[in-house]
Trainee: 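Sharing a structure below in structure tokens format, with a few things to ask.
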Amino acid sequence: MRALRRSGAEVAAFVVAVVVFIVPFSFMVLTAVKDELQSAELDFAWPASWPIVENFVAVIEARDYVLLRAFVNSTVLTVGAVALLVVFCSMAGFVLQRRKGRMGTTVNFLVLTGLIIPPAIVPTIWVLQGLGLFKTLPGLILVEVAFHMSYSVLLFRAFVAAVPRELDEAAMIDGCTGFRLFFQVIFPLLRPVTITVVLTTSVAVFNDFVNPLYFLPGDENATVQLTLYNFQSQYSTQWNLLFMDIVLITIPPLLAFVFFNRKIVAGMTAGAIKG
Amino acid sequence: MTSSRPSTATPPEPRTAAAGRRTPRRKGRGNPYPYVFYLPAGIIYTVVFLVPTIMAFYFSMTRWTLFDSTFVGLENFTDFFAEQNLRIGFQNTLIYAVSTSGLKVVLGMALGVLLTSRLKLRGFLRSVVFFPVLVSTVAVGITFSVLLKPDTGLVNKALALVGVSGPDWLGDANTALLSVAIVDVWKGVGLATVIYIAGMMSIPRDYYQAVAVDGGGAWHRFRYVTLPLSWPATNSVIILSFIGGLRSFDLIWTMTRGGPGFTSDVIASIIYKQYQAGFFGLSTAGNVILFIVVTALVVPLTRFLSAREVPA
């Protein structure tokens with residue numbers, strides 16, 4: 001009887017999960033592979049024909065290959081921002097954990113501030129404009145670095161706490177301090193948390209919509225999220241192409257999820273509990 | 001955030017070198033953990049985040065075109081609160097943050113309990129619930145605005161099957177904001193769930209055995225062990241989703257653009273609208289208001305929650 005009830009609960013959980021979570025994703029994929037006429041009905045029917053390749057090519061070619069350029073831009077943005085975040089935040093997190101004092105207190109305060117306070121948009125544009133970085137990819141990279149900095153510093157700081165100080169001291173006896181101590185001895189040991197930071201921040205930067213919208217407007221050098229947003233108004237009739245775009249943009253996070261699910265979950269929960 | 005190394009490097013250092021080997025060599029190179037390490041991160045943080053945040057207080061009191069600004073005092077703020085549409089945004093921001101974080105706590109905890117139990121499909125369900133966290137908000141927003149369409153949308157078609165005629169979820173002023181909030185929960189509950197799972201997994205088994213010895217059932221296990229001991233998880237879920245809810249923009253913007261009318265506008269979407277319209281001063285005033293709202297609510301909330309966090 002109990003076993004029966006258990007498996008009943010199991011089936012119920014499965015059905016609810018399928019309806020609530022799987023149906024929307026199936027809907028995306030099904031609509032993406034339908035022809036234009038059928039996709040306009042926006043129902044859950046099985047595709048009558050399967051113009052997968054045609055839809056794919058049409059989306060890629062749309063607006064003079066804007067999607068391809070957007071993928072390049074998003075890749076540059078993600079790689080650039082994540083690389084800077086890893087190097088700069090690991091350095092900061094290391095010193096922040098190791099060296100207490102008034103400076104450390106101030107930095108800790110600034111880190112928490114960065115976690116809580118919403119960035120002031122137009123003044124940021126004003127600063128970037130002054131530096132000649134507004135509407136440029138390097139400018140957006142700096143913005144992403146600044147806005148994801150607190151979270152990354154916290155993760156690094158927490159991990160450095162688990163690296164024994166004896167190691168630093170041993171290295172110092174060998175005359176290793178400062179940069180050599182950090183980059184030759186400590187940084188290699190931070191590999192697990194570095195992977196976590198790389199995964200979580202790259203998903204966040206790749207999926208970011210608000211900052212590209214403000215700091216990199218225009219179709220010319222759009223990021224993938226912006227193409228989606230722009231297609232939304234343009235393709236009000238070609239739902240299959242809009243959803244093909246959605247599917248294509250969902251593939252990179254999907255790959256990250258398939259290969260690194262555990263790492264990502266670990267990083268996000270650690271970040272949450274430390275933060 | 002400049003390095004204080006040059007000033008702290010004490011002059012007599014080289015002379016004492018004869019006294020002992022290790023210390024002078026070490027001190028000669030300055031502290032082994034130099035403040036220079038803060039420099040790259042500090043510069044970016046200061047220039048791109050701190051300076052704009054501080055300047056926002058000034059620019060929010062000006063009429064501003066990015067190139068020149070005229071001081072107008074608190075006019076932008078009085079405009080903000082005088083206009084009905086903008087006041088709605090203020091109210092909506094609170095409704096949105098409270099409802100999303102509340103639902104995420106309740107559902108996340110329920111899913112956490114379910115997914116730490118001995119279900120066979122545990123792994124599958126965990127993945128399914130978590131995946132939306134990694135999908136872009138714009139993609140989720142577009143998909144759900146299609147699913148929630150009044151006549152053709154899948155949701156209302158499904159409701160029609162059981163004889164309910166669903167409303168125009170996003171087109172009706174009464175349901176628009178809450179519909180978006182529910183989609184937000186759909187997308188974000190996975191994160192709450194994994195935080196709860198992590199918290200619940202760290203509860204020692206002994207406590208559950210103690211309840212069993214006293215003849216307690218499933219409800220007692222939940223009420224007297226799981227619920228109080230997953231308080232740190234609850235704490236971080238509340239804080240995270242409350243901050244996220246107050247700042248939320250992308251989902252609302254892709255699903256309703258603040259509409260119908262201004263009924264689902266939040267502070268963040270008003271900031272964008274005023275920016276688009278070229279009212280940079282007003283937009284920045286919105287930013288300052290958001291800043292004050294977030295700080296005024298989140299700081300006491302954090303204090304309150306962590307005060308209740310008594311280690312068991």
Side-chain angles (χ1 to χ4, degrees), chain A residues 10 13-14 17 21-22 24 27-28 41-42 44 88-89 91-92 94-95 98-99 103 107 110 114 116-124 126-127 129 142-143 145-146 149 168 172-173 175 177-178 181 203 207 209-210 225 228-229 232 242 246 249-250 253 256-257 261 265 268-269 272-273 275, chain B residues 22 25-26 29-30 32-35 37-38 40-41 44-45 47-49 51-53 55-56 59 66 114 119-121 125 127-131 134-139 142-143 146-147 149 152 154 191 194-195 198 232 236 240 243 247 249-250 254 271 275 280 283-284 287 290-291 294 298:
Chain A
E10 196 133 338
F14 178 73
F21 288 102
I22 309 265
F27 176 80
M28 284 181 197
E41 288 169 25
L42 295 172
F44 202 56
F88 295 169
C89 297
M91 287 163 65
F94 171 64
V95 174
R98 285 292 196 254
R99 194 168 171 184
M103 182 67 131
V107 173
L110 288 175
I116 294 175
I117 289 176
I121 304 290
V122 192
T124 312
W126 174 75
V127 166
Q129 183 113 52
L142 290 183
V143 167
V145 171
M149 192 173 277
D168 306 10
M172 282 177 226
I173 293 172
T177 58
L181 167 65
V203 170
N207 280 342
F209 164 66
V210 183
Q225 307 302 328
L228 198 51
Y229 175 71
Q232 189 188 11
L242 180 62
I246 291 185
I249 284 170
T250 309
F257 175 71
N261 184 8
V265 168
M268 287 192 167
T269 48
I273 288 165
Chain B
R22 245 185 275 156
R25 194 201 269 166
R26 187 169 136 190
R29 293 175 182 226
Y33 312 117
Y35 285 143
F37 276 35
Y38 288 140
I44 297 180
Y45 184 87
V47 172
V48 184
F49 181 78
V51 169
T53 303
M55 289 308 285
F59 283 127
L66 276 188
L114 184 72
L119 286 182
K120 282 199 199 75
L121 290 166
L125 291 174
S127 311
V128 164
V129 171
F130 184 69
F131 183 58
L134 302 181
V135 177
S136 103
T137 314
V138 186
I142 294 177
T143 307
V146 168
L147 293 175
K149 273 181 187 290
T152 50
L154 216 53
L191 183 57
V194 294
I195 292 173
S236 27
L240 266 187
I243 297 177
R247 291 161 67 156
F249 166 73
D250 34 13
T254 43
I271 294 172
Y275 162 71
F280 297 147
S283 169
T284 308
N287 250 140
L290 187 58
F291 172 100
V294 171
V298 172

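What you see is a predicted model, and the numbers here were worked out from it, not measured in a lab. Below, chain A is the first sequence line, B the second, and so on; all start at residue 1.
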Trainee: Can you find a pair of side-chain heavy atoms, one from A:Pro119 and one from B:Arg247, that are under 4.5 Å apart?
Mentor: yes

Trainee: Is any side-chain heavy atom of B:Val294 closer than 4.5 Å to one of A:Ile116?
Mentor: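 Sidechains of B:Val294 and A:Ile116: in contact.
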
Trainee: At a 4.5 Å cut-off on heavy atoms, which part of A:Val203 comes close to chain B: side chain, backbone, both, or neither?
Mentor: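 A:Val203 touches chain B through side-chain heavy atoms alone.
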
Trainee: Answer whether the closest heavy-atom distance between the side chains of A:Phe21 and B:Phe131 falls below 4.5 Å.
Mentor: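 Result no, sub-4.5 Å side-chain heavy-atom pair not found.
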
Trainee: Of the backbone (N, CA, C, O) and the side chain (C-beta and beyond), which part of A:Val143 lies under 4.5 Å from a heavy atom of chain B, both, or neither?
Mentor: both

Trainee: For A:Phe209, check ring pair (Phe, Tyr, Trp, His ring centres under 6.0 Å) against everything at least two apart and list the hits.
Mentor: A:Tyr229

Trainee: For B:Leu121, is there any backbone N or O sitting under 3.5 Å from a side-chain donor or acceptor partner on A:Glu10?
Mentor: yes

Trainee: Tell me, side chain or backbone of A:Ala13 under 4.5 Å from chain B's heavy atoms, or both, or neither?
Mentor: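 Both parts, heavy atoms under 4.5 Å.
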
Trainee: If you apply the rule side chain to side chain contact (heavy atoms under 4.5 Å, CB included), what do you find for B:Val48 with A:Val127, and how did you get there?
Mentor: CA-CA 7 Å; B:Val48 184; A:Val127 166; 5.8 Å; no

Trainee: Under 4.5 Å between any side-chain heavy atoms of B:Ser127 and A:Asn261, yes or no?
Mentor: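 Answer yes - side chains close enough.
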
Trainee: What residue, out of B:Ala56, B:Ser283, B:Pro40, has the most heavy-atom pairs lying under 4.5 Å from chain A?
Mentor: B:Pro40

Trainee: Heavy-atom pairs under 4.5 Å with chain A are the metric here; pick the option from B:Thr137, B:Val128, B:Ile243 that has the most.
Mentor: B:Val128

Trainee: Let's test your reading of the structure: which of A:Ala256, A:Pro253, A:Ala92 forms the most heavy-atom pairs below 4.5 Å with chain B?
Mentor: A:Ala92

Trainee: Scan B:Leu147, B:Val146, B:Val135 and name whichever one has a side-chain contact (heavy atoms from CB on, under 4.5 Å) with A:Pro24.
Mentor: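 One option only clears the test, and that one is B:Leu147.
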
Trainee: What part of B:Lys149 is in contact with chain A, defined as an atom under 4.5 angstrom from a non-hydrogen atom: side chain, backbone, both or neither?
Mentor: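 The side chain, not the backbone.
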
Trainee: Which residue out of B:Thr53, B:Thr143, B:Val51 racks up the most heavy-atom pairs below 4.5 Å with chain A?
Mentor: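 Highest number of heavy-atom pairs under 4.5 Å: B:Thr143.
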
Trainee: Hey, mind stepping through A:Met103 and B:Tyr38 against side chain to side chain contact (heavy atoms under 4.5 Å, CB included) and telling me if it holds?
Mentor: CA-CA 10 Å; A:Met103 182 67 131; B:Tyr38 288 140; 3.8 Å; yes

Trainee: With a 3.5 Å distance limit and no angle check, can you tell me whether A:Arg99 reaches the backbone of B:Tyr33 through a side-chain donor-acceptor pair?
Mentor: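 It does hold such a pair.
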
Trainee: Is there a side-chain contact between B:Phe49 and A:Met149 (heavy atoms, below 4.5 Å)?
Mentor: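 The answer is no, as the side chains (C-beta and beyond) never meet within the 4.5 Å cut-off.
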
Trainee: Sort A:Ile117 into side chain, backbone, both or neither according to what part of it lies under 4.5 angstrom from a heavy atom of chain B.
Mentor: both

Trainee: Is the backbone N or O of A:Ile121 less than 3.5 Å from a side-chain atom of B:Asn287, with the two atoms forming a donor-acceptor pair by type?
Mentor: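 The answer is yes, because a donor-acceptor pair under 3.5 Å joins these two groups.
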
Trainee: Which bit of B:Phe291 comes within less than 4.5 Å of chain A, counting heavy atoms only: side chain, backbone, both or neither?
Mentor: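 B:Phe291 touches chain A through backbone and side-chain heavy atoms alike.
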
Trainee: Roughly how far, to the nearest 0.5 Å, is the CZ atom of B:Phe130 from the CZ atom of A:Phe257?
Mentor: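 Reported value, rounded in 0.5 Å steps: 7.5 Å.
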
Trainee: Would you compute the distance between atom OG1 of B:Thr284 and atom CH2 of A:Trp126 and round it to the nearest 0.5 angstrom?
Mentor: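 With rounding to 0.5 Å, OG1 (B:Thr284) is 11.0 Å from CH2 (A:Trp126).
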
Trainee: Quick one: what part of A:Phe27 sits under 4.5 Å from any heavy atom of chain B, side chain, backbone, both or neither?
Mentor: side chain

Trainee: Tell me if a side-chain donor or acceptor on B:Tyr45 pairs with a main-chain N or O of A:Leu110 at a distance below 3.5 Å.
Mentor: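 Looks like yes, one N/O pair under 3.5 Å.
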
Trainee: Measure distances from B:Val298 to the heavy atoms of chain A and classify the residue's part below 4.5 Å as side chain, backbone, both or neither.
Mentor: side chain

Trainee: Run A:Val122 and B:Leu66 through side chain to side chain contact (heavy atoms under 4.5 Å, CB included) and show every step you take.
Mentor: CA-CA 8 Å; A:Val122 192; B:Leu66 276 188; 4.1 Å; yes

Trainee: If I compare all heavy atoms of A:Leu181 with all of B:Pro32, which pair ends up nearest, and what's the gap?
Mentor: CD2-O, 3.9 Å

